[in-house]
Structure formats: structure tokens, C-alpha cells
Amino acid sequence: MPEPHQPERAIAATGAGGAMDLAASEATSLEKPQQPGKGPDGTGPAAPARSLWSDAWRDLRHNPVFLVSGLIIVFLVVISLWPSLIATGNPLACDLANAQKGSAPGHPFGFNEQGCDVYTRVVYGARVSVTVGVCATLGVALLGSVLGGLAGFFGGVWDAILSRVTDVFFAIPVVLGGLVLLSVVTSSTVWPVVGFMVLLGWPQISRIARGSVITAKQNDYVQAARALGASNSRMLLRHIAPNAVAPVIVVATIALGTFIALEATLSYLGVGLKPPTVSWGIDISAASVYIRNAPHMLLWPAGALAVTVLAFIMLGDAVRDALDPKLR
């Protein structure tokens with residue numbers, strides 16, 4: 001007599017690491033294959049993988065410090081490119097009859113010691129400050145990143161030489177160096193000041209870039225690329241640089257505000273920008289003598305300088321918090 005049909009049995013794993021004997025149909029029903037584009041439970045779309053930059057941008061968009069500082073910086077950039085949007089006068093048009101006078105209709109900030117409109121000079125002074133800060137930051141970031149990145153990647157004698165050179169530059173006081181180097185410059189353009197800042201500012205970025213590259217080149221994906229025969233240039237540009245640039249961006253953003261303050265300091269001391277260039281530092285230097293009789297001449301350019309430097313420092317702090325994985 002033939003034996004009755006027995007259903008196929010399957011072994012299904014249990015959550016405790018054991019197994020239980022189930023019919024094939026039952027085992028099949030327990031397995032829920034993940035559908036393409038669905039999450040692990042099959043009920044919703046799979047979450048796309050996010051990179052460090054996408055996570056950082058998401059955090060920045062919800063950070064009020066970043067939003068406020070970003071709006072201030074955007075406003076400064078706009079008036080630097082098109083100052084006539086909010087100031088229709090000429091910053092070099094002066095009338096000695098109005099010297100040191102306070103606010104008047106059409107002149108809300110009053111007049112300086114030569115009868116020039118303080119409001120117009122404050123607006124046009126933003127162009128010089130932003131230009132110096134941006135150009136100096138780009139130069140410092142480019143030079144420091146290249147030198148520090150190459151020294152950290154290749155190491156050896158080049159790394160030792162760069163370390164000793166940066167020690168020498170760190171030993172030079174920035175303001176004293178500016179007094180010595182810029183005192184012989186007669187040009188009234190911004191480029192001597194920018195060149196000086198790049199000359200003395202690159203060592204800090206260089207050390208940051210060197211440390212980031214040394215850390216990045218020890219990762220497994222770099223070692224795998226090296227084992228597969230990738231060239232040094234490919235490893236630097238494709239694998240190491242994108243993962244080592246975040247600290248450089250943070251330091252450069254904060255340094256931008258520092259460079260704007262340094263330009264004003266050098267102009268105040270008489271070795272930075274020179275008239276007829278319109279600069280907050282020049283106006284602060286000229287107004288310091290009249291602070292008792294006409295304090296408005298000093299307060300407005302000094303206030304604009306303080307707000308600008310604070311905005312860039314706040315932006316740098318927000319970017320640092322967003323790009324630092326340890327703070328997540």
C-alpha cells in the first residue's frame with residue numbers, strides 16, 4: 001500500500017540562533033524578500049545613502065546661526081558688487097562746510113572731518129574689505145593646501161623641511177611683519193596687502209591640510225587603491241583630497257573674518273591701504289582723533305567692521321559643527 005504523501009520539510013532559522021522544522025510552504029511564507037526600491041520591511045522606499053556633505057548641508061539649513069550669518073554675508077557681497085543700490089552718492093565727494101556734522105536729511109550717518117558722507121563711505125568700504133578677505137583666503141587656502149597636502153602624502157625629507165619652514169613663519173608676529181614689509185610699499189591697491197596676508201597666513205592651513213592628508217591616507221580605501229596600482233596623483237585627487245578638505249574649509253572660513261580685521265588694523269596703523277582708497281580701516285584711523293567731538297565718524301565704520309568679522313566667524317563655527325562627525 002503506497003505511503004501517504006508527506007509535505008517537504010525545511011529548516012528555518014530562529015531569532016535565538018536555533019532552527020525549527022517547517023513545511024516548505026510555511027518556510028516560504030516566513031521569508032519576505034525585499035522588493036527593489038523598498039526598505040527592509042518592504043513597506044516604504046529605501047532611504048538613500050547620504051554623504052558627509054549632504055548631511056552637513058541638511059544641518060546647516062536648520063542652523064539659525066548659519067542662516068543669520070549667511071544673510072549678512074550675502075548682503076555684504078551684494079553691496080560690494082553694486083554699492084550704488086543703497087548709496088547713490090560719491091564717497092570721494094566732500095564739502096568742508098559739513099565737516100564733523102551729525103546726521104542730516106539724506107545723510108543718516110553724518111559727515112567726516114573732510115565733509116564726506118559717512119554712510120556712502122561705509123557702504124563703499126565693504127567692497128575693499130570683502131575683496132581683501134576673499135582673495136587672501138583663496139590664496140592662503142590654495143597655497144597651504146598644496147604644500148601641506150604634498151608634505152603629508154609623501155612625508156620624508158619634504159615633510160621635515162616644510163615643518164621647519166612653517167615654524168619660522170609662525171615665529172613672525174603678523175602685525176610686526178606687516179609694519180616692516182608694507183612700510184616700503186607705495187601702491188594704494190589691495191594686492192600688496194593680499195600678498196602679505198598670503199605670505200604669512202599659509203602655514204596654519206598647511207598644517208591643517210598635512211594632518212588631514214596623513215589621516216586620510218591611512219584609510220582602507222586608499223590602501224586598496226594603492227594595491228590596485230593607482231598612481232599618486234589619482235589617489236591624491238580622487239580619494240584623499242575629497243576626504244581631507246573639510247577641516248581646511250572650516251579654518252579658511254573663520255580665517256576670512258580674521259583677514260578682514262587684519263586689513264583694517266594695518267590700514268589703521270598707516271601701512272595697509274592708503275587714500276584715496278575707501279576702507280573702513282582708513283576711516284577708523286582718521287576718526288580716532290575726533291572721537292570726543294564727533295563719535296559718529298568712528299562708530300559707524302567700526303560697527304560695520306565688527307558685524308562683518310562676526311558674521312564670518314559665526315559662519316565658520318556653523319560649518320565646523322556641521323562637518324565635524326564627532327559632534328553628530
Side-chain angles (χ1 to χ4, degrees), residues 72 75-133 135-136 174-176 178-194 196-197 257-312:
I72 295 175
F75 174 74
L76 289 171
V77 172
V78 170
I79 66 173
S80 299
L81 296 175
W82 302 284
S84 58
L85 292 177
I86 61 173
T88 57
N90 185 351
L92 300 179
C94 305
D95 185 359
L96 288 176
N98 297 323
Q100 302 184 30
K101 288 185 178 180
S103 60
H107 308 277
F109 293 176
F111 302 88
N112 64 4
E113 77 283 357
Q114 295 181 347
C116 305
D117 183 25
V118 174
Y119 171 77
T120 304
R121 292 185 65 86
V122 168
V123 173
Y124 277 83
R127 171 181 293 179
V128 172
S129 297
V130 172
T131 300
V132 170
C135 293
V174 177
V175 176
L176 179 60
L179 291 173
V180 174
L181 297 178
L182 295 177
S183 60
V184 297
V185 176
T186 58
S187 174
S188 59
T189 62
V190 301
W191 303 116
V193 178
V194 172
F196 163 75
M197 293 181 181
T258 305
F259 289 141
I260 293 177
L262 179 59
E263 177 272 320
T265 301
L266 295 174
S267 298
Y268 177 83
L269 296 175
V271 296
L273 301 178
K274 300 175 177 61
T277 303
V278 180
S279 166
W280 291 336
I282 294 176
D283 288 351
I284 292 173
S285 177
S288 60
V289 182
Y290 307 95
I291 187 172
R292 292 186 177 181
N293 298 329
H296 65 275
M297 295 168 45
L298 176 65
L299 294 179
W300 291 114
L305 175 63
V307 170
T308 302
V309 174
L310 180 61
F312 281 105

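Positions are given from 1 along the sequence.
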Practice problem: List for me each residue that meets ring-ring contact (aromatic ring centres under 6.0 Å, His included) alongside H107, sequence neighbours excluded, and say none if there are none. | Solution: F111
Quiz item: Can you tell me how far OG1 of T308 sits from CD1 of I72, rounded to the nearest 0.5 angstrom?
Solution: 8.5 Å
Quiz item: CD of Q114 to CE of M297: how many Å apart, nearest 0.5 Å?
Solution: 9.0 Å
Can you list, pair by pair, the side-chain donor-acceptor contacts under 3.5 Å of residues 259-273, counting residues two or more places apart and other chains?
unit_1	atom_1	unit_2	atom_2	d
E263	OE2	S267	OG	2.9
E263	OE2	S279	OG	2.9
T265	OG1	A261	O	2.9
S267	OG	E263	O	3.0
S267	OG	L273	N	3.2

Quiz item: How far apart are the closest heavy atoms of C116 and N112, and which atoms are they?
Solution: N-OD1, 2.7 Å
Quiz item: Can you name the closest pair of heavy atoms from Q100 and N293 and give their distance?
Solution: OE1-CB, 4.0 Å
Self-check item: Step-by-step side-chain contact (heavy atoms from CB on, under 4.5 Å) determination, F312 to T258
Solution: CA-CA 9 Å; F312 281 105; T258 305; over 6 Å; no
Quiz item: What pairs meet the ring-ring contact (aromatic ring centres under 6.0 Å, His included) rule with one or both residues in residues 281-307, with sequence neighbours excluded?
Solution: F109-W300
Quiz item: Sequence neighbours excluded, which residues qualify as side-chain hydrogen bond (donor to acceptor under 3.5 Å, both in side chains) partners of S103?
Solution: none
Quiz item: So which pairs with a foot in residues 119-130 pass side-chain hydrogen bond (donor to acceptor under 3.5 Å, both in side chains), sequence neighbours left out?
Solution: D117-T120, R121-D283
Practice problem: Quick one: do V132 and M197 satisfy side-chain contact (heavy atoms from CB on, under 4.5 Å)? Show the steps, please. | Solution: CA-CA 9 Å; V132 170; M197 293 181 181; 3.8 Å; yes
Self-check item: Candidate list L299, I291, L305, test side chain to side chain contact (heavy atoms under 4.5 Å, CB included), partner I284, passing option
Solution: L305
Donor-acceptor contacts under 3.5 Å from residues 79-89 side chains, at least two apart:
unit_1	atom_1	unit_2	atom_2	d
S80	OG	L76	O	2.6
S80	OG	A126	O	3.3

